[in-house]
Number of protein chains: 2
Amino acid sequence: MTNLRDKIIHSSLHLFEKHGFHGVTVNQIVESTGTSKGGFYHHFTSKDELLFVIHDTFITYVLEKAYIAKNTYDSPTKKLQEIIKSFVQVFDLYKPHISVFYQENVYLKADYEELIKKKRDQFKNIIIDTIHEGKASGDFREDLSEEITGMAILGMVNWTYKWYKKSGEKSIDEIGNIYVDLIMRSILNN
Amino acid sequence: MTNLRDKIIHSSLHLFEKHGFHGVTVNQIVESTGTSKGGFYHHFTSKDELLFVIHDTFITYVLEKAYIAKNTYDSPTKKLQEIIKSFVQVFDLYKPHISVFYQENVYLKADYEELIKKKRDQFKNIIIDTIHEGKASGDFREDLSEEITGMAILGMVNWTYKWYKKSGEKSIDEIGNIYVDLIMRSILNN
DNA sequence: AATTTAAGACCGACTGGTTGGTCTGTTCTT
DNA sequence: AAGAACAGACCAACCAGTCGGTCTTAAATT
């Protein structure tokens, strides 16, 4: 971590995670980073922009991983497995980002919100499309509702941010494998 | 809705859901309720207490439903099915409460937070205990991790608050049945 | 090589608007 | 009559953002 910008993001992330966006003042961020108001506003136009940057770095990373998984494999089953696994792995890298992402998104300003929403919808659609493919190929059950099943999977996986701790009993890969197992049993044919 | 207290809760619920706890001022609540600061502070000691009341009414209701389901049936399978179904039904009744519950819980003051956490843990344990019972009785797979499976189920179900709309294609009971189907396929033996 | 110039990085006292909460009344109810 | 229910002007605290200024660094000029 060489530059101040990254330091500010790093500090604010942990503060936001614990106290929420509005529970943390710019002065607190600045203090915990070891800089000043001037330093902060030299790198960010506003507190709101900082919130956006946190949102954007996370969703951009996740989206790219999902595209890679989608394009690397042919079978819908393998695709979905990899999308889930790669997403779950992100919890070890971006846990605080994710917490802020799901906890504070209502506080994004309209313009920022729109940008984030687009990427989030893309991610959602990758999953739903994969379920669609799986049904078409005969891998997945015909009677699945693509929308609801997609949201069920997303929910199961996303919720992890509420309870996952690196120091917990199970590693993130173990958790990912459990999710994949549960999901596959419920959507695979026969 | 006869008394002012309920009116205030009702109005604030929708405001909080859309703009978040800190995105809504007491003046806005008071205005949208059609009352005054005096009216508000006659019924609530603080804005924070209002937040707590919203949390508490929801979790108390849900917890009671879960206990009833747990005590009404004998088989773990049936128990779990009913717990899930009864919980999902709550979305039609308490959608705004739930949104606030999961979005704004970081802003609960320490004392209030503790009270809520206790009830939330009780709810979580009802599910985990039921999974435990199901494994013991041979209904559920032996190799399930009770903790992770429990959190996976909770995640799937809880996440509904992020996207569910009464006006949507599927009714809440249909969604509940899909969840039960997915979950049962993944945890039932053979 | 020495000196000037200029821009980027960072500082921190200050401000203007906002917000939760108070307090003194007035009106309704029993 | 008397207490509960409500009204609304007012206040003190807080907080995001500003702005004039300093320090560092590296290129440009002499």
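Numbers restart at 1 for each chain; the letters A, B, ... are given by sequence-line order, proteins then strands. For the numbers below, each heavy atom of this structure counts, side chains included, while hydrogens, waters and symmetry mates do not.
- Remark: B/His43 is not in phosphate contact with D/dA4, judged by side-chain N or O atoms under 4.0 Å from OP1 or OP2.
- No more than 12 heavy-atom neighbours from other residues, nucleotides or ligands sit within 6.0 angstrom of CD on A/Glu64.
- For the pair A/Ile29 CD1 and D/dG17 P, the interatomic distance rounds to 10 Å; values are reported in whole Å.
- The B/His42 side chain lies nearest to D/dC6 when the options are D/dC6, D/dG17, C/dG21.
- Closest to the side chain of A/Tyr41, from the set D/dC6, D/dT18, C/dC10, is D/dT18.
- Each of A/Thr35 and B/His22 has a nearest nucleotide on DNA chain C; the 5'-most of these lies closest to A/Thr35.
- Taking the side chain as every heavy atom from C-beta outward, A/Thr33 and A/Leu4 approach each other to under 4.5 Å.
- The environment of NE2 in A/His132 is sparse: at most 12 heavy-atom neighbours from other residues, nucleotides or ligands sit within 6.0 Å.
- With rounding to whole Å, B/Glu31 atom CD is found 14 Å from D/dA7 atom C1'.
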Report each atom pair, protein N/O against N/O of nucleotides 9-15 of chain D, whose distance is under 3.5 angstrom.
none

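- Straight-line distance from the NZ atom of A/Lys109 to the C1' atom of D/dG17: 13 Å, rounded to whole Å.
- Distance B/Leu4 CG to C/dT29 P: 14 Å, rounded to the nearest Å.
- Note: CZ (A/Phe44) to P (D/dG17) measures 13 Å, nearest angstrom.
- Atom pair A/Phe40:CZ and D/dC19:P shows a separation of 17 Å (rounding to whole Å applied).
- Side chains of B/Phe140 and B/Leu80 form a contact here, defined as non-hydrogen atoms less than 4.5 Å apart.
- Partner of B/Tyr161 under the ring-ring contact (aromatic ring centres under 6.0 Å, His included) criterion, out of B/Phe87, B/Tyr102, B/Phe101, B/Phe58: B/Tyr102 alone.
- Residues B/Lys7 and B/His10 fail the side-chain proximity criterion, which asks for heavy atoms closer than 4.5 Å.
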